[in-house]
*Asks:* 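So that we are looking at the same thing, I have put the structure below in structure tokens.
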Amino acid sequence: MGILRNHLPLALVLLAVGPLAAWGNQGHRTVSDLALKALPPGPRNWYLGLEGELAEHASDPDHWKQDRKEGPRHYLDLEPYGAPERLPRTLEEAQARVGGGYYRLGVLPWIIQDRWRDLVAAFRGGDPAKVAFSTAILGHYLADAHVPLHTTLDHDGRSTDQTGIHSRWESGLVERYLEGSALTVPSAKDDAAILDRPWEWLRAAHALVPQLLEDDRAADRTSPSGRRGKSRTPAYWVMFWDRQGPVVKQQLQSAGQHLGDAIVSAWVAAGRPTPAPAPPAD
Ligand SMILES: [Zn+2]
């Protein structure tokens, strides 16, 4: 891996750039809803009447990408660091391992840590609107860490002639089929190791990449190659959902569960505060 130390091969860098939506609006809203359902009363009270705010701002960070520093906050490419268990734990370590190009390989786990600390500060500050907004932003990045194609250099299947797989998986399947799927989450709990978890979530998501690509290829074989344009055939979608639907649901549920745990942990770290009673309506 010596070649990666100072310069990433150009081909890899080119694969790593490009637009990333992540989960689409519906997926991000689903994660917020699941997390709220998982909360015990103490932290849940902070969001009373603000549930819509949480869903409303769940996709905000995807609209901040005119800032060139924003894109890499939504992913971490695992391959340049070797085996998934050898991921760097600090930005300094990332830079020491791969050189100055480290930022373009993604900084997602560190952004999750920063946004979680923002949520702790919001709980301490006592303003439920700020708690809701901080939660929405944390929830966005946390959910992105559960998208398999946010953990790999080839975000969009370009090297295997599967361009478009990114949105077919995280938006195409979600928008076509998620409604009506029964999603559940266990009760959220305080997790003392919450700041270590992003690396585990990324590793788990990364392990799902090969099968996801294989299932896309298999679904494509249902249609004559000339008809595999931008829009896939109904037969493609039926087969892709049949194979990857359980994975989409599992990743949304685990993102909802982990966001619930992150909220409870932030609330505990802030000293289990209670929101001030709402001012009386005139
Ligand atoms: Zn995103």
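Just so you know, ligand 1 is whichever comes first in the structure, and atom 1 is the first atom listed for that ligand.
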*Asks:* Are any N, O or S atoms from His140 nearer to the Zn ion (ligand 1) than 2.8 Å?
*Replies:*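 It does: His140 brings an N, O or S atom closer than 2.8 Å to the Zn ion (ligand 1).
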*Asks:* Answer yes or no: does atom CD of Glu85 have more than 12 heavy-atom neighbours from other residues, nucleotides or ligands under 6.0 Å?
*Replies:*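 It does: Glu85 CD has more than 12 such atoms within range.
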*Asks:* Kindly state each residue pair satisfying side-chain hydrogen bond (donor to acceptor under 3.5 Å, both in side chains) with at least one member in residues 192-202, sequence neighbours excluded.
*Replies:*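 Matches after skipping sequence neighbours: Arg89-Asp196, Asp191-Arg197, Arg197-Glu200, Trp201-His258.
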*Asks:* How wide is the angle at the Zn ion (ligand 1) between OD1 of Asp62 and OD2 of Asp144, to the nearest 10°?
*Replies:*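 Centred on the Zn ion (ligand 1), the OD1/OD2 angle is 180° (to 10°).
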*Asks:* Ion pair present between Glu214 and Arg221, side-chain N to carboxylate O less than 4.0 angstrom?
*Replies:*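 Salt bridge: yes.
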*Asks:* Could you go through residues 202-210 and list every donor-acceptor pair under 3.5 Å that involves a side-chain atom there, pairing it with any protein atom two or more places apart or in another chain?
*Replies:*
from: His206; atom 1: ND1; to: Thr151; atom 2: O; distance (Å): 3.0
from: His206; atom 1: ND1; to: Thr151; atom 2: OG1; distance (Å): 2.9

*Asks:* Output yes if His74 passes the N/O/S-under-2.8 Å test against the Zn ion (ligand 1); output no otherwise.
*Replies:*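 Coordinating: yes.
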